[in-house]
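Atom set for the values below is all heavy atoms of this structure, side chains included, hydrogens, waters and symmetry mates excluded. As the structure is a computational prediction, the values presented were derived from the model and not from experiment.
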Amino acid sequence: DGGASWTEKEAIASGADKPAQATPMQGDLFTAADLELEDEADPHFNAITPLGEHTLVIVGERGTLLRSTDDGASWKRLPFPYKGSMFGVLATGENRLLAYGLRGNVYESKDGGDSWSKVDTQASVSLMGGSLLEGGGVILAGANGTVLVRAGADAPFIPATFRNAAGETPALAGILPDGRGDFVLVGDKGADTYHPQ
């Protein structure tokens with residue numbers, strides 16, 4: 001009903017029983033067991049995109065990649081080559097996906113998420129926002145005022161740095177075209193306009 005009501009649903013089926021509860025920590029000292037990461041059975045989901053008719057794709061932390069081919073009624077977990085967090089995913093064409101996230105990592109799939117290849121972005125900061133451009137292009141935004149523009153589906157990413165009126169390079173969380181050739185940015189310093197060079 002367009003988001004008017006919601007029903008909780010388990011997207012990733014629980015597998016083996018969860019390990020026994022660890023012994024509570026004593027004071028401020030952490031043991032090796034305290035610091036050990038458990039298998040991520042319930043990861044955070046960070047972004048979702050439609051991919052053609054009835055297909056949805058989710059990305060999240062620790063390389064989480066889920067795909068549904070029945071409008072979200074059921075989900076299948078797919079392998080992803082990077083075990084860090086992906087903060088966004090865009091459908092860039094027929095069966096094409098672009099996922100972006102931690103430490104400037106960008107991966108592309110040309111087969112609906114079955115296989116992925118790493119894309120060179122020349123960036124090493126986290127990328128948290130993205131938007132499609134006409135002609136199959138993409139613009140991504142992230143930490144330290146980072147803006148990456150890809151003019152077409154197979155073009156290289158061109159890096160730039162956004163500075164606001166105060167000369168700051170904010171952490172950018174989102175970017176959208178304004179319909180007049182510029183972009184609206186949002187981040188830790190508020191909203192602003194970006195004029196590409």
Side-chain angles (χ1 to χ4, degrees), residues 2-3 45-60 65-69 71-72 78 80-82 85-165 168-197:
F45 300 155
N46 294 327
I48 185 171
T49 191
L51 180 66
E53 194 172 344
H54 307 295
T55 301
L56 300 167
V57 176
I58 290 175
V59 295
L65 173 66
L66 303 174
R67 183 175 63 201
S68 170
T69 55
D71 295 316
L78 300 176
F80 193 74
Y82 177 60
S85 293
M86 291 284 107
F87 299 127
V89 61
L90 298 168
T92 58
E94 187 176 344
N95 241 15
R96 290 180 71 137
L97 293 162
L98 190 79
Y100 53 90
L102 199 64
R103 298 181 180 146
N105 280 284
V106 175
Y107 286 83
E108 186 169 37
S109 173
K110 297 179 181 179
D111 55 14
D114 289 328
S115 64
W116 295 83
S117 58
K118 187 167 181 161
V119 179
D120 182 17
T121 63
Q122 304 178 48
S124 59
V125 299
S126 292
L127 301 167
M128 294 165 279
S131 185
L132 298 175
L133 303 177
E134 290 185 22
V138 171
I139 188 164
L140 302 177
N144 301 338
T146 298
V147 177
L148 303 172
V149 178
R150 186 185 209 187
D154 296 309
F157 276 98
I158 306 298
T161 302
F162 168 75
R163 284 184 166 62
N164 63 18
E168 302 164 314
T169 55
L172 303 172
I175 185 166
L176 285 174
D178 70 357
R180 298 184 301 272
D182 292 332
F183 296 88
V184 177
L185 299 168
V186 293
D188 68 343
K189 300 295 181 181
D192 217 319
T193 303
Y194 172 65
H195 311 281
Q197 301 297 330

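Smallest separation of non-hydrogen atoms from K189 and P170: CG-CB, 3.5 Å. Residues S85 and N46 approach most closely at CB-ND2, 4.4 Å, considering heavy atoms. Nearest heavy atoms, V125 versus N144: CG1-ND2, 3.4 Å. The two residues P50 and A91 make their nearest non-hydrogen contact at O-CB, 3.3 Å. Taking each heavy atom of M128 and A143 in turn, the nearest pair found is CE-N, 3.6 Å. The minimum heavy-atom distance between S115 and S109, with the atom names listed, is O-OG, 2.9 Å.
The line from CG of L148 to CD1 of I175 is 9.5 Å long, rounded to the nearest 0.5 Å. Note that CG of N95 and CG of D111 are 7.0 Å apart. Values are rounded to the nearest 0.5 Å. Here L127 contributes atom CG and L140 contributes atom CG; the two are 5.5 Å apart, rounded to the nearest 0.5 Å. To the nearest 0.5 Å, atoms CG (L132) and CG (L90) are separated by 5.0 Å.
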Test log, rule side chain to side chain contact (heavy atoms under 4.5 Å, CB included), inputs L65 and W116:
CA-CA 11 Å; L65 173 66; W116 295 83; 3.4 Å; yes
Step-by-step side chain to side chain contact (heavy atoms under 4.5 Å, CB included) determination, F80 to V59:
CA-CA 9 Å; F80 193 74; V59 295; 5.5 Å; no
Test side chain to side chain contact (heavy atoms under 4.5 Å, CB included) on F87 and L102 and set out the steps.
CA-CA 7 Å; F87 299 127; L102 199 64; 4.1 Å; yes
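Among the candidates L98, L51, T49, the single residue satisfying the side chain to side chain contact (heavy atoms under 4.5 Å, CB included) test with T92 is L98.
You'll find the side chain of D71 reaches within 4.5 Å of the side chain of H54, heavy atoms only. Between L185 and N164, the closest side-chain pair of non-hydrogen atoms is not below 4.5 Å. At a threshold of 4.5 Å between non-hydrogen side-chain atoms, the residues T146 and L172 do not count as touching. In this structure the side chain of L66 reaches within 4.5 angstrom of the side chain of F45, judged on heavy atoms. By the 4.5 Å heavy-atom criterion applied to side chains, R67 and D114 are counted as neighbours. Within the 4.5 Å cutoff, the side chain of H195 has heavy atoms near those of the T193 side chain. Side chains of N105 and K118 form a contact here, defined as non-hydrogen atoms less than 4.5 Å apart. A heavy-atom distance below 4.5 Å is not found between the side chains of T121 and Y100.
Panel note: side chain R96, backbone A153; a donor-acceptor pair is recorded below 3.5 Å. The backbone N or O of F157 lies less than 3.5 Å from no partner atom in the side chain of R150, so there is not a single donor-acceptor pair.
A salt bridge does not link D182 to R180: none of the charged side-chain nitrogens sits closer than 4.0 Å to a carboxylate oxygen.
By the 30° and 60° cut-offs, the orientation of the rings of F162 relative to Y194 is perpendicular.
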